[in-house]
Trainee: 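Starting off with a structure, shown below.
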Amino acid sequence: MCRAALEGEGNVKKAEAVNDGIVYLMLIPYILVALIGFAVYRIYQKKKA
């Protein structure tokens, strides 16, 4: 469906918007995992000290 919507030469802006959306959706899980990992790291560091 996405490919059909983006085929053609006049859809450059639409293609860029789809690519930006994919990157945005891809980054959110990585950011959440990094934040949870950092929180766990800080908890263990507090317990050590």
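Quick caveat: nothing in here was measured; it's all calculated off a predicted structure.
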Trainee: Which residues pass the side chain to side chain contact (heavy atoms under 4.5 Å, CB included) test with I28, not counting sequence neighbours?
Mentor: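 For I28, the residues satisfying side chain to side chain contact (heavy atoms under 4.5 Å, CB included) (neighbours in sequence not counted) are Y24, L32.
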
Trainee: CE of M26 to CD1 of I31: how many Å apart, nearest 0.5 Å?
Mentor: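 Between atom CE of M26 and atom CD1 of I31 there are 10.5 Å.
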
Trainee: Quick check for you: to the nearest 0.5 Å, what is the distance between Y30 atom OH and L35 atom CG?
Mentor: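 If I round to the nearest 0.5 Å, the distance is 15.0 Å.
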
